[in-house]
2 protein chains.
Amino acid sequence: MTVSRFSLNISPMPSKKYHHGDLKNALINAGVEILAKEGIGGLSLRKVAQRAGVSHSAPYAHFPDKQSLIAAISTEGFNQLYAELDAVTSLYPYDPKKQLIEGSQAYVRFAMNNADTFKIMFSGVLEKEKEYPAFLEISHKTFERVVGIVQACQDAGILRASPSDMTAVTIWGQIHGVIALGMEGQISRTVLEHRSVQDIVAFAIEQLILS
Amino acid sequence: MTVSRFSLNISPMPSKKYHHGDLKNALINAGVEILAKEGIGGLSLRKVAQRAGVSHSAPYAHFPDKQSLIAAISTEGFNQLYAELDAVTSLYPYDPKKQLIEGSQAYVRFAMNNADTFKIMFSGVLEKEKEYPAFLEISHKTFERVVGIVQACQDAGILRASPSDMTAVTIWGQIHGVIALGMEGQISRTVLEHRSVQDIVAFAIEQLILS
DNA sequence: GACACTATCTTGACGGTGTCAAGATTTTCG
DNA sequence: CGAAAATCTTGACACCGTCAAGATAGTGTC
């Protein structure tokens, strides 16, 4: 161990403590960054550790395995998605129609701006979701948020008054499915040449609205 | 090399030739089997090779890399999906409504019976789809098949006569999205306790049908 | 039939990966 | 202050995708 260690560090940065201070979140953030930069295939525990400035085994003090880190990243993604959904819909507290339209657009926007995080959240990379309660909680909370909007629309006569939970699933499924197909390049060029995924989702919602 | 090699092999099995004869397909099948048994995480080139009874590097004579094997497996999956869609809809050549209903159910059935193949086909594990023309061709052919059914329904007044390609995307997206959410455990228990994914998809289609 | 050519397959190596065990360092707390 | 717990490092292991070199078998040509 060479000398160099300025204990005169008042703090203005985390600045290399030997116990880092907040490694857990640093690892999650490093993971998100690598995800955005190199995609799912480029996400390795060792790279995450390196980017956070710790040794390759350090993450094991905070996550029992790689799946657990992925769960944390996914959970973080859901938190952000929920927050954005909530922010947008809160702008129109008495206008469920607007909530539905703008909420679905927020969903699309999130998927586009965080493509690989979105994939990790929904594309089965996380294999045993049931083992991660925090993940389950926020993901179901998001679901309940969607159900709430649909229900409000039904109460206002804007959507069919069919069983609201089923309707919520089919509407969410529609938005989600169009995005998923779009991201995987499944939507043939003849369609995507003229319309963006955003447009297609907007169109789908229009078709559902009664008044 | 011990003795044992019955050159008196009239053929009733591929039976260990030293040039195997059909390694390429054997590798694809081995991949599908491992996928079904161990999931995407368990799929490695070396395991595929071992299951096919060849050395760990043998696959490189047929596939330039792992992605290429995955592309072949996905392509095979799309071929099967297309065949099943085609088989079902061919049963009702003059009944587009039935085609829509039974076709969507066939889609769900395929996803359920081949969950991991389905995931590999749609979940972004294959990273550069555009590099695999055979994959693109069959996947777009499947898309065109769906468009065809929707168009027939529109012509028959069973679905709204909106731009048929957009409508096809939104309907396919709906089916696909409900399945995807269901497979990822995103659909809250209160819904799934009473309804299967099949039921939800059937419900969604019902809602779309005009007459 | 002999020979060259090519496709196919094996062996062995490389760096990268997830994970674990052992130990060092730091923080926490009695 | 000192023990216990949390955190981090080092080093190892088996597995992975990939490549290079060579062995083996099939193909076509004279």
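In what follows, chains are A, B, ... by sequence order, proteins preceding strands, each numbered from 1. Keep in mind it's a predicted model, so treat the numbers as computed, not measured.
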Touch class at under 4.0 angstrom, heavy-atom based, for Ser57(A) against every strand present: base
Separation of atom NZ in Lys66(B) from atom C1' in dG16(C), rounded to whole Å: 13 Å
Atom pair distance, as rounded to whole Å: CD in Gln67(B) and P in dG17(D): 11 Å
Nearest-angstrom distance from the residue atom CG of Leu69(A) to P of dT17(C): 14 Å
Donor-acceptor pair under 3.5 Å, Arg46(A) side chain vs dG18(C) base: yes
Atom of Val178(A), atom of Val197(A) and distance for their closest heavy-atom approach: CG1-CG1, 4.2 Å
Separation of atom CG in Leu45(A) from atom P in dC20(C), rounded to whole Å: 11 Å
Of Lys47(A) and Pro64(A), the one whose closest DNA chain C nucleotide lies more 5': Lys47(A)
Gap between atoms CG and P, on Leu23(A) and dT26(C) respectively (whole Å): 15 Å
Interatomic distance where CZ belongs to Phe63(A) and C1' belongs to dC20(C) [whole Å]: 18 Å
Touch class at under 4.0 angstrom, heavy-atom based, for Ser44(B) against every strand present: sugar-phosphate
Nucleotide dT27(C), atom P - distance to CG of Asp22(A) in whole Å: 15 Å
Heavy atoms of other groups near Glu137(A) CD, more than 12 under 6.0 Å: no
Residues, nucleotides or ligands: over 12 heavy atoms within 6.0 Å of Gln50(A) CD: no
Residue His56(B), side-chain atoms from C-beta onward, closest of dT10(C), dT18(D), dT10(D): dT18(D)
Minimum-distance nucleotide (side-chain atoms of Tyr60(B) versus dT10(C), dT17(C), dG17(D)): dG17(D)
Minimum-distance nucleotide (side-chain atoms of Val54(B) versus dT19(C), dC16(D), dT10(C)): dT10(C)
Atom-pair distance (CG on Leu43(B); P on dT17(C)), nearest Å: 19 Å
Qualifying residue for ring pair (Phe, Tyr, Trp, His ring centres under 6.0 Å) with Phe78(B), from Tyr132(B), Phe143(B), Phe118(B), Phe122(B): Phe122(B)
Salt-bridge present (Arg109(A), Glu84(A); N to O < 4.0 Å): no
